Amino acid sequence: MIGYALKRLLGAVPTLFIIVTLAFFMMRAAPGGPFDSARKLPPEIERNVEAAYNLDKPLITQYGLYLGRLAHGDLGPSFKTKDFTVAQLISIGLPVSMRLGLLAMTLAVIFGVSLGVWAALRQNHWQDYSVMTLAMFGITIPSFVTAPILTLIFGVYGITLFGHDFSLPVGGWNGGALRNIILPVIVLALPQIAIIARLTRGSMIEVLRSNYIRTARAKGLSVQRVVLHHALRAALLPLVSYLGPAVAGILTGSLIVEEIFGLPGIGRYFIQAALNRDYTLMMGVVICYAALVIALNFVADILYGLLDPRVRLT
Amino acid sequence: MNSAGYGGGHKTQTLERALAGRSLWADARARLFRNKAAVTSMVVLAIIALLAAFAPLFSRYAYDAIDYSVVSCAPDWWPAQTTCNAGGTHWLGTDAVGRDLFVRILYGARVSLAVGFVATLVSLVIGVLYGATAGYVGGRVDALMMRTVDILYSLPFIFFVIILMVLFDRNFFLLFVAIGAVVWLTMARIVRGQTLSAKQKEYIEAARAAGVSTFGIITRHIIPNVFGPVVVYVTLTVPDVILIESFLSFLGLGIQEPLTSWGVLIADGANIMESAPWLLIFPALFMAVTLFCFNFIGDGLRDALDPKDY
């Protein structure tokens with residue numbers, strides 16, 4: 001087990017290395033640089049600025065320098081945002097994105113699993129069909145459609161029910177106030193709810209057919225107990241391995257959601273950095289995202305081994 | 001008694017089927033055509049594709065014809081109160097510079113569907129050849145090839161696509177390549193898995209004994225026999241690709257004006273949805289319907305090709 005964990009952690013190093021290398025050279029292959037669009041500087045000063053950031057050296061030397069600093073945990077200064085290092089920018093943006101992502105994930109697991117179990121227990125009845133149709137909606141309709149439509153309904157038109165005003169703000173962070181993050185979190189969670197509901201339904205149906213469930217029922221245990229204590233445990237296993245891809249999905253989703261709702265997360269940095277050729281910031285965000293995805297895939301695999309003794313991790 | 005009667009009927013039925021000698025594909029086709037959702041989806045998709053292909057015939061307006069007398073006007077039949085109506089010939093209203101929305105949606109469909117099919121084709125060719133080679137050759141080559149896929153898998157590829165699109169000035173050709181490069185990985189994995197089981201079969205051994213080359217065995221025997229799951233995955237890849245393209249276009253990194261795609265239309269619509277909601281609703285509707293259709297067809301195909309469930 002520990003051997004497997006070590007092996008996986010070591011395996012993450014080449015992956016991260018490839019990501020850094022690819023991102024670095026792709027960015028540099030493109031025309032333009034971080035100091036192009038600004039007011040035209042006298043050539044002497046421009047040379048000095050470039051020298052200060054090592055941009056005048058050959059590309060391969062720059063790459064070596066970057067890797068060297070990265071090995072010390074230094075992501076460098078931002079080229080565009082004055083007086084900020086990349087690490088500082090990420091430490092401002094990441095909590096925002098993390099908060100959105102975690103809330104969305106929690107919401108997705110709770111609703112997805114309940115809906116999936118419900119559909120499985122009523123297989124081929126209207127409950128099953130309606131949950132699966134809803135899931136189909138959730139999977140096919142992308143977040144950049146649900147986000148504006150939900151804002152239109154709740155933010156622009158506003159909903160008044162039983163004398164209460166249920167309208168929500170159309171965007172902004174506002175210190176992470178609940179009213180401000182409800183819509184972004186729901187938009188992020190919807191596709192994940194749909195996928196999790198489908199997964200849970202499928203595995204639940206399979207588990208409910210197995211012999212030990214029949215035995216438990218034959219012993220006279222209530223349906224509720226059998227489902228919650230016996231079936232659900234086994235049925236949730238595929239969900240654990242979905243954890244990694246789910247996080248990746250939420251991260252890409254947050255790119256859109258942060259843009260639409262104007263939230264100060266790191267997804268917005270990424271797009272701005274790419275447009276501004278802010279090399280260091282873009283590298284920082286890519287590394288940050290990649291590390292998150294790799295880490296969660298790793299956690300998912302370890303969890304899977306712990307939960308299911310039939311799986312041997314070697 | 002009931003079950004006995006059913007069993008008897010079933011038996012004669014299978015007997016007749018066996019006499020008729022139906023192939024797997026004929027069987028699958030029959031099952032697919034019994035699936036109402038899949039058939040309806042095929043019809044709807046065909047209509048959308050035809051509308052897109054012959055877009056200029058269906059509207060008297062050009063997709064880039066600007067008309068400042070009808071800026072952001074609702075269609076005549078729009079139920080809510082609006083500032084202006086576009087007149088009877090703008091069936092779905094007009095956009096912020098007075099272009100006909102209906103014809104723009106059809107031109108958007110052209111781009112979205114074209115990207116969907118071409119990028120899927122790219123991923124199909126790469127994925128099938130790569131997966132079949134890895135699976136058939138096996139051993140160290142397989143280990144190396146699949147390890148590469150594993151590593152590529154853990155890259156956040158959408159970021160590379162975004163970097164590509166930003167840095168190379170939204171090159172249309174690059175869009176195809178970038179998206180194709182993202183989606184071939186799963187295809188390669190599926191094909192490899194199928195190949196591993198197919199290569200144990202006797203007919204492969206027979207082919208090898210007859211002296212067919214490795215390349216010949218892969219292209220003539222392995223690939224045709226792993227095609228079932230691949231077809232299913234292709235139908236599910238097309239909507240994925242359409243989504244990725246719209247995602248990029250929505251961020252402003254895809255198709256450029258005056259050309260358009262569904263992602264661009266939705267992004268534009270979302271910007272002025274407060275005053276002109278139809279500009280968001282109709283493109284979103286077209287895209288959602290298309291994505292639904294592909295998903296239903298994919299599900300139908302999966303059920304049809306996998307007799308296990310019956």
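A, B, ... follow the sequence lines: proteins, then strands. Residue 1 opens every chain. Predicted model, so just to flag it, every value in this text is computed and none were measured.
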Checked B/Pro277, B/Ser246, B/Ala284 vs chain A; the most non-hydrogen pairs under 4.5 Å come from B/Ser246
Nearest heavy atoms of A/Val145 and B/Ile266, plus distance in Å: CG2-CD1, 3.7 Å
For B/Leu280, is it the side chain, the backbone, both or neither that has a heavy atom under 4.5 Å from a heavy atom of chain A? side chain
Is it the case that over 12 heavy atoms from other parts of the model lie below 6.0 angstrom from the CD atom of A/Gln123? yes
Is B/Met287 close to A/Ile141 at the side-chain level, that is, under 4.5 Å between some pair of heavy atoms? no
Under a 4.5 Å heavy-atom cut-off, does chain B meet the side chain of A/Phe144, its backbone, both or neither? both
Using non-hydrogen atoms only, which part of A/Leu292 is less than 4.5 Å away from chain B: side chain, backbone, both, or neither? neither
Could you look at B/Asn271 and say if it's the side chain, the backbone, both or neither that has a heavy atom under 4.5 Å from chain A? neither
Using a 4.5 Å cut-off on heavy atoms from C-beta on, say whether the side chain of A/Thr140 contacts that of B/Phe294. no
What I'd like to find out is whether the side chain of A/Ile260 reaches to under 4.5 Å of the side chain of B/Phe250, using heavy atoms alone. yes
